[in-house]
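Report on the following structure.
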Amino acid sequence: MKTIATFSVKYSQSLNPAAELNTSLEQLATAGIHSSDLLDFYQSMLLIRTFDTKAIALQRTGRLGTYPSCLGQEAISTAIGKTMHAEDVFIPGYRDAATLICRGTTMQQILLYWGGDERGMNFTGNNQDLPYNVPIASQCCHSIGIAYAFKLRREPRVAVVVCGDGGTSEGDFYESLNAAGTWQLPVVFVVINNQWAISVPRSKQSGCTTLAQKAIAGGFSGEQVDGNDIIGCHLQLTKAIENARAGNGPHLIEAITYRLSDHTTADDASRYRDADDLQQAWREEPLLRLRNLLLNHQLISESQLEAIQSQCNEEVEACVAEYLAYPPQPNSAIFEYMYQQMPCGLKQQLSELETQR
Amino acid sequence: MKTIATFSVKYSQSLNPAAELNTSLEQLATAGIHSSDLLDFYQSMLLIRTFDTKAIALQRTGRLGTYPSCLGQEAISTAIGKTMHAEDVFIPGYRDAATLICRGTTMQQILLYWGGDERGMNFTGNNQDLPYNVPIASQCCHSIGIAYAFKLRREPRVAVVVCGDGGTSEGDFYESLNAAGTWQLPVVFVVINNQWAISVPRSKQSGCTTLAQKAIAGGFSGEQVDGNDIIGCHLQLTKAIENARAGNGPHLIEAITYRLSDHTTADDASRYRDADDLQQAWREEPLLRLRNLLLNHQLISESQLEAIQSQCNEEVEACVAEYLAYPPQPNSAIFEYMYQQMPCGLKQQLSELETQR
Amino acid sequence: MPNLTLIEAVNAAMNFEMSADKNVLVLGEDVGVNGGVFRATDNLQRNFGEMRVIDTPLAESLICGMSIGLAVQGFKPIAEIQFMGFIYAAFDQLICHASRMRNRTRGRLSCPMVLRAPYGGGIRAPEHHSESTEAIFAHVPGIRVVIPSSPARAYGLLLAAIRDPDPVVFLEPKRIYRAQSEMVEDNGVALPLDVCFTLRLGCDLTLISWGAMLKETLEAAEYLAAIGIDAEVIDLASIKPIDKVTILESIQKTGRCVIISEAPKSGSVAAEISAIIAEEGLTSLLAPILRVSGYDTVMPLFKLEQQYLPSVDKIVKAAQHVMEF
Amino acid sequence: MPNLTLIEAVNAAMNFEMSADKNVLVLGEDVGVNGGVFRATDNLQRNFGEMRVIDTPLAESLICGMSIGLAVQGFKPIAEIQFMGFIYAAFDQLICHASRMRNRTRGRLSCPMVLRAPYGGGIRAPEHHSESTEAIFAHVPGIRVVIPSSPARAYGLLLAAIRDPDPVVFLEPKRIYRAQSEMVEDNGVALPLDVCFTLRLGCDLTLISWGAMLKETLEAAEYLAAIGIDAEVIDLASIKPIDKVTILESIQKTGRCVIISEAPKSGSVAAEISAIIAEEGLTSLLAPILRVSGYDTVMPLFKLEQQYLPSVDKIVKAAQHVMEF
Ligand SMILES: Cc1ncc(C[n+]2csc(CCOP(=O)(O)OP(=O)(O)O)c2C)c(N)n1
Ligand SMILES: Cc1ncc(C[n+]2csc(CCOP(=O)(O)OP(=O)(O)O)c2C)c(N)n1
Ligand SMILES: [Mg+2]
Ligand SMILES: [Mg+2]
């Protein structure tokens, strides 16, 4: 027997839970991450956490539908938003408010969507990004078409698609990996491994030691990164995205993080999850370590931190107010976007709706 | 960055195209393959080749429907049939007449099926084996349920499922790999890589260097074997199947072979395939090398070989005669097996059929 | 005799049959410790262990496909698809394999499995969580499609589905999972499949519905009774095969029919019922057969879902229209 | 003006539109060098290159899903599913995404794609190669379903489908791929979608059919004419949305209707047509609406497929029954 192929999966982390950086701030700057970027990261992560808390409060008080919190996943989600270029296309799942906000989706739109209003997906800034995606992993196939479009038009653009640890069990995920490898497409897959698919732990989702190794089945490389370390996430994402942009093909990043919240507001994680596990996960969450890094290196003061928090609160409150004041869609909105031209039969049904109610 | 996982894929071959064995006959006997086995292998492979030739002739003369030849793939397909135990379950695709015949399906049944008669799938000997499977790779999921059943009942049985190189692109294939790995099921996946999925060459099917490495995405091991070398196939299959039987979980074997025929009798491979490639493949086909091994080691004489051929011819002719004389199914056969109890509505439709024609 | 909601009745039926028959298995996403997102499988894993109540990886085609493998091996799998909106990836396995195993093998192998899924709108759920596409399944030869509309019928029909030797798609109207409790004796007595249930006798017109819409349909019948219109109400229950006899007999008596369902109108199960009557009961008809249904649109997000779903008012208007014809 | 078979017309339409519009792409299994297993895409890769005529890996969900990605990026993909029997794995992408992209994003993104597939029985094909499940697609809001029944209509309707701004499932009746040739001007002129084609005017009864069954339907009409029954023959062509106006006008004239299709009877498109008439044209009806169709069984393997498929004789008998009613 002779060995005909070998593969490996690497792990990286720049900022550990104790807020220790594996490099110096100077070196980080050479790598393109300046202190101002760190502040910017922090601000964005705090904004999304503030938003998230508020969204749950809105749901609890009947002013929003079921909402999937991204508590604990702010680092990887923000890093994706910060690393991608405006002209790239983001293909989200449903827990990706952080990335979408970085890319230009307004918080009002996100609230509209989870408030049961299609207008939430009419993104204004990032208007080529795909809308929220609920059927798990189905979005991966879309990223293949989008990346193929870039390649065919010879545009230096990249498709970035995310899915969860649960998503890696779906056929669509693998069919997409295989296609990306076959055509060497400019697509980066980010698997946000938050350890849970609703109540199913990572260990029951797959017998693989890493989810990153799934890329090997697509014929390209995969790696793990500490998904709670926004610096490491940004560095590795930058390499992957710029490589893809340069025509070097696809890559997969498995970001190790933890879903600190219930699956959604309709879920009760205490039914299936150990309180100790959760406690441990809280010690590794992404905001605190970045906050401590900033404080330890005197990049920010306690009072500045407070100011940022107030600013986030204000921004979120303003958006919530706008959301709550949003005029409702007319009933005809059920019909208007089914086809570019409304067929006769639909016109008849619409007029029935208008007259019969 | 630290390496957290490494993987490799191995290749093995025992009998090369020049009929050279990488070991001695004595050692082979210690490994469980005796000269009598080699003769038995040859006889089975010759039978299927004879059958295959005849089936194509029947199709060309209007006495059989579309037929997918297994020309060139006799070694791996026969090896599977010879290695599995009777109590194991085989989950075929559509090009697996060789394996089915080894397991007890009659040639009449195989002809009935390709002759457009469902009775061909009412296998008599191997009556727990699944019927032919046409929707590519969908059978992989069935193998998971079957292997799970063995595990749940603590039976020392193994499910063996095959698919083609094309089949490895389907979601069902990967979902099954992942499930097999998650539950450590007694299932062996055999990917019969015959280099073509109709007109699509292996290189356009996947960017992977090997198809064996797809197993890594399932969290278990995969290997390549020369699929035209029945000795190597048998040895590697034995290890995989007995390992699975012993509770050591799944394994994947990619058997490298070549589809010497058109995809089916409805296909014309000369439209898309190089004549030189085909010529080269003929030099590596499985029967000739085993025949030469037997002759070189004086395990058989030319006249014995002729006798075997006549015997195969007779056996095939007898089955064909039986097939051609088979009484047709009555029209009611369309309805009879839809449900265990025929619902009223179907009874009404059946009586319409009986009276209206 | 316990007072059960529909979802509790579903749970009780599975629990009963798993106790009675060790070949009955449950599998799906989150069906284990979590007991299913609606708690349909609550306590089953505790009662019957991890090997018989299986949390699968997140893969619907696998769930349906492995159920087929289990079924041909003599088990009776009850597979849960978390919401009907996610059942489509399992459709290929259902139509190509589950529905055909018996026919393809001339009875050598068969596929006694149940594919359960919550379906329908009206609970302010997120996108893809409110559809009702039962018509798609009702067109597939070789399967049964069953929809209960009360706790007692959920209990009895699910037992029947599990015991049935052929594949059954069992769709649960999630809007009424907890709408009503009733006394359900947990005695393992199944209800018949392939028959309708006449919930209300009447002689003026026939209202046919299934699942959650029976709530509005029965309310409409009450209202109609108050204004002097005596409606017969039929719960279709078995969506496939359809019990033509009960329907045609009712139409023969009433001569008028309104069919109520929340699925998009075109190509719905309501169309099949209408076609059956137009084919075999036309001479009884005194008025057009009306369908009160969802629209030929995507189910809107929840802000507008009440505009989409048929209302009592709409049913009443349709009934009046038919009566005045 | 070339004499084209239906399959040649399909090829010509794609070739025309790929020349006219560089955003039109073709993708699928074996569509490249091999030109498709039925030669629908013959020469397209030679004419337009490997980047625009794409041999995909063997994965139907991917084919449909990547078409969606291409479409939202402004391309107009024409995806081929090799046989309708293998389209189900693509159904999830079609119903959850392709059909909804415009609606979900309030028009921001749209999905102008065509999903082509050969369908139907009668060519002695292997298992899973002879089904007709158009009813399943016709129930999906947000898509169009189109079936041609002659070379000229294949050409004109496929052009319309490619140019349509919304997703179209285009089903090709493979039994008549090469049954007939006719003059088809390759001039890029599309036919309208959403309308029926009246192939024969008549006043005694209306025969409605689509796809390959129009062959037997037209033959039956000839036979009926010979015995004094004057049948109007309508080619449905657009299976979704259905052109109710043409159908109801015809029924108003004839008062009698037989619908012919090879799909299993229950829940078929024939049921929807029947329901439309029972709802909006009942007062014109002089006789029951009969469906001559396949049975509620799996399409048998080819030894028995002729017993399954509706025959001219069966259509004639149904028509006579309706006339004598
Ligand atoms: C195809 C499909 N099946 C099932 C569901 C129901 N569901 C919603 S979220 C979820 C778990 C997803 O887990 P993961 O992919 O890890 O993402 P996470 O929720 O952790 O972000 C499930 C099963 C769905 N939305 N889509
Ligand atoms: C799901 C599905 N898609 C498409 C087809 C049509 N088809 C039949 S065989 C084939 C190629 C299969 O190639 P491979 O898996 O390598 O097996 P081989 O024919 O080489 O044995 C295709 C595309 C099918 N049978 N099933
Ligand atoms: Mg997760
Ligand atoms: Mg192959």
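A, B, ... follow the sequence lines: proteins, then strands. Residue 1 opens every chain. Both backbone and side-chain heavy atoms feed into the values below; hydrogens, waters and symmetry mates do not.
Annotation: maximal heavy-atom pairing with chain C below 4.5 Å, among B:Gly345, B:Ala333, B:Ala159, B:Cys140, occurs at B:Ala333. Most heavy-atom pairs under 4.5 Å with chain B, from the set C:Ser110, C:Gly142, C:Ala59, C:Gly74: that is C:Gly142. Heavy-atom pairs under 4.5 Å with chain C were tallied for B:Met338, B:Lys151, B:Gln340; the largest tally goes to B:Gln340.
Checking C:Gln93 against B:His142 by side-chain atom types alone, a donor-acceptor pair falls below 3.5 Å. Using a 3.5 Å distance cut-off with no hydrogens or angles, the side chains of B:Asp172 and C:Ser61 do pair a donor with an acceptor. Checked by atom type, the side-chain pair B:Gln128/C:Arg108 shows no donor-acceptor distance below 3.5 Å.
Between C:Arg100 and B:Tyr337, every side-chain heavy-atom pair lies at or beyond the 4.5 Å cut-off. Contact check for C:Leu25 versus B:Leu152: side-chain heavy atoms found under the 4.5 Å cut-off. Side-chain contact between C:Pro57 and B:Trp183: present, with at least one pair of heavy atoms (C-beta onward) separated by less than 4.5 Å. Looking at heavy atoms from C-beta onward, C:His97 lies in side-chain contact with B:Ser138 at the 4.5 angstrom threshold. A 4.5 Å side-chain heavy-atom check between C:Leu109 and B:Pro131 finds at least one atom pair inside the cut-off.
B:Arg119 contributes no side-chain N or O that, together with a main-chain N or O of C:Thr105, makes up a donor-acceptor pair within less than 3.5 Å. Of the possible donor and acceptor atoms, one in the side chain of B:Tyr148 sits under 3.5 Å from a partner among the backbone N and O of C:Met51. Using modelled atom types, no side-chain atom of C:Arg106 and backbone atom of B:Glu336 make a donor-acceptor pair closer than 3.5 Å. A donor-acceptor distance shorter than 3.5 angstrom exists from the side chain of B:Tyr339 to the backbone of C:Ile143, with no hydrogens or angles considered.
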